[in-house]
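First the structure, in the form of C-alpha cells, and then the observations on it.
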Amino acid sequence: MATLKLEIVTPDRKVLSEDVDYVGAPGIMGEFGILPNHVPFLSALGIGNLHYNQDGKAYYVFVSGGFAEVSNNKVTILAEVADKATEIDTERAKLAKERAEERAAAAKEKIDHIRNQAALKRSIMRINCKSCGQDAGTC
Ligand code: ATP
C-alpha cells in the first residue's frame, strides 16, 4: 500500500519522522486529511490533535500553532508546540484547565480573554489527545 512521510518538528526538537498511511490535522480553517500522493498544500495550524494511521493503528499528537506543508508525498508539520500522546502529563493539563477556568470565572479580574481561551483549548485538547492515545480507534 502507498504511504507518505510525516515529519513533525518544533523550534526545540524533531518530534517524529514516520512513514504513514494517512494524516489528519487541525488547520485554522478546520480539519484536513492527507492521503498518499496528495497535491501540494499549505495550511496554518490551529490548536488541536493531529492523528495519523500506520499499519492499521491510529496515533495522536497534540499540536498548537505553526504550519503544515504537503509536497512530494511528504507532510511537514512545523509546529510551535507538539506533544505525542505518550508525552502528555494529564495532571498538568488538568491544572492548566482549572487555572484557565478560574481566570475566566473571575469577572472582576481584567484578563486577556483570547489568550485565556487559547490556554483553555490547549489544556482540553491535551486531555483529549491523551485519552485518544490510550484508547486508539475510539476517538
Ligand atoms: P502549562 O500552563 O501547563 O505550561 P501551556 O498550555 O501554557 O501549559 P505550552 O505553552 O503549550 O503550555 O507548552 C510549553 C511547553 O510545555 C511545551 O514544551 C509543551 O510540550 C510542554 N507542556 C505543556 N503542557 C504539557 C503537558 N500537559 N504534558 C507535557 N508537556 C506539556
Side-chain angles (χ1 to χ4, degrees):
M1 200 170 110
T3 59
L4 69 164
K5 175 73 84 184
L6 169 63
E7 275 197 6
I8 304 180
V9 295
T10 71
D12 301 332
R13 66 188 179 121
K14 183 184 246 186
V15 178
L16 65 81
S17 176
E18 298 281 341
D19 290 315
V20 305
D21 304 314
Y22 172 83
V23 180
I28 47 164
M29 303 297 283
E31 288 281 325
F32 60 86
I34 305 292
L35 285 162
N37 303 310
H38 198 284
V39 294
F41 174 77
L42 184 67
S43 173
L45 293 170
I47 297 169
N49 294 321
L50 174 150
H51 82 275
Y52 62 93
N53 296 346
Q54 189 181 49
D55 299 328
K57 282 177 74 179
Y59 297 86
Y60 297 84
V61 182
F62 167 81
V63 293
S64 173
F67 292 90
E69 183 194 30
V70 181
S71 96
N72 294 325
N73 207 34
K74 179 176 173 186
V75 181
T76 307
I77 304 289
L78 300 164
E80 287 167 18
V81 176
D83 305 321
K84 288 189 254 186
T86 49
E87 297 169 333
I88 290 172
D89 176 345
T90 304
E91 282 312 305
R92 177 174 169 175
K94 283 183 179 167
L95 290 172
K97 179 170 177 281
E98 280 172 21
R99 284 196 302 276
E101 286 170 343
E102 281 165 15
R103 283 192 295 264
K108 273 184 262 169
E109 197 187 333
K110 276 208 164 181
I111 62 160
D112 180 340
H113 287 281
I114 292 174
R115 185 174 163 193
N116 199 50
Q117 281 293 321
L120 181 61
K121 190 165 183 186
R122 288 197 301 275
S123 66
I124 291 169
M125 287 298 157
R126 281 192 172 104
I127 293 165
N128 181 254
C129 185
K130 184 76 177 188
S131 76
C132 288
Q134 285 172 347
D135 200 6
T138 60
C139 285

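These numbers come from a predicted model, not from an experiment. We count ligands from 1, going down the list as the structure has it; atoms in each ligand are counted the same way.
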Relative to [atom], which among [options] owns the nearest non-hydrogen atom?
atom                    : options                     : answer
atom 27 (N) of ligand 1 : Ile47, Val81, Asp89, Leu120 : Asp89
atom 6 (O) of ligand 1  : Arg122, Glu80, Arg99, Glu91 : Arg122
atom 16 (O) of ligand 1 : Arg115, Arg92, Lys97        : Arg92

Considering all heavy atoms, the nearest [X]-[Y] contact:
X      : Y      : result
Arg103 : Ala119 : NH2-CB, 4.0 Å
Arg13  : Ala82  : NH2-O, 2.9 Å
Ala79  : Pro11  : O-CD, 3.3 Å

> How close does the nearest protein non-hydrogen atom get to atom 11 (O) of ligand 1, and which residue and atom is it?
Replying inline: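 Sorting protein heavy atoms by distance from atom 11 (O) of ligand 1 puts Arg126 NH2, 2.9 Å first.
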
>> Give me the nearest non-hydrogen protein atom to atom 29 (C) of ligand 1 as residue plus atom name, then the distance to 0.1 Å.
In response: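 Nearest protein contact, heavy atoms only, for atom 29 (C) of ligand 1 is Glu87 O, 3.4 Å.
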
>> Show the atoms of ligand 1 that are less than 4.0 angstrom away from any heavy atom in Ala93.
In response: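 In order of numbering, the contacting atoms are 27 (N).
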
> Which atoms of ligand 1 have any heavy atom of Asp83 under 4.0 Å away?
Replying inline: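 Heavy-atom distances to Asp83 below 4.0 Å select 19 (C), 20 (O).
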
>> Check this for me, if you would: do Lys94 and Glu98 make a salt bridge, where the nitrogen-to-carboxylate-oxygen distance has to be below 4.0 angstrom?
In response: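 Result for this pair is no, no salt bridge flagged.
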
> Under 3.5 Å, is there a donor-acceptor pair between the side chain of Asp21 and the main chain of Asp55?
Replying inline: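 It does hold such a pair.
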
> Would you say atom 18 (O) of ligand 1 touches the protein, meaning some protein heavy atom is under 4.0 Å from it?
Replying inline: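 No; the ligand atom in question lacks any protein heavy-atom contact below 4.0 Å.
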
> Going by side-chain heavy atoms closer than 4.5 Å, which hydrophobic residues are tied to Phe62, directly or by a chain of links?
Replying inline: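 Its cluster partners, ordered by chain and number, are Ile47, Val81, Ile88, Met125.
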
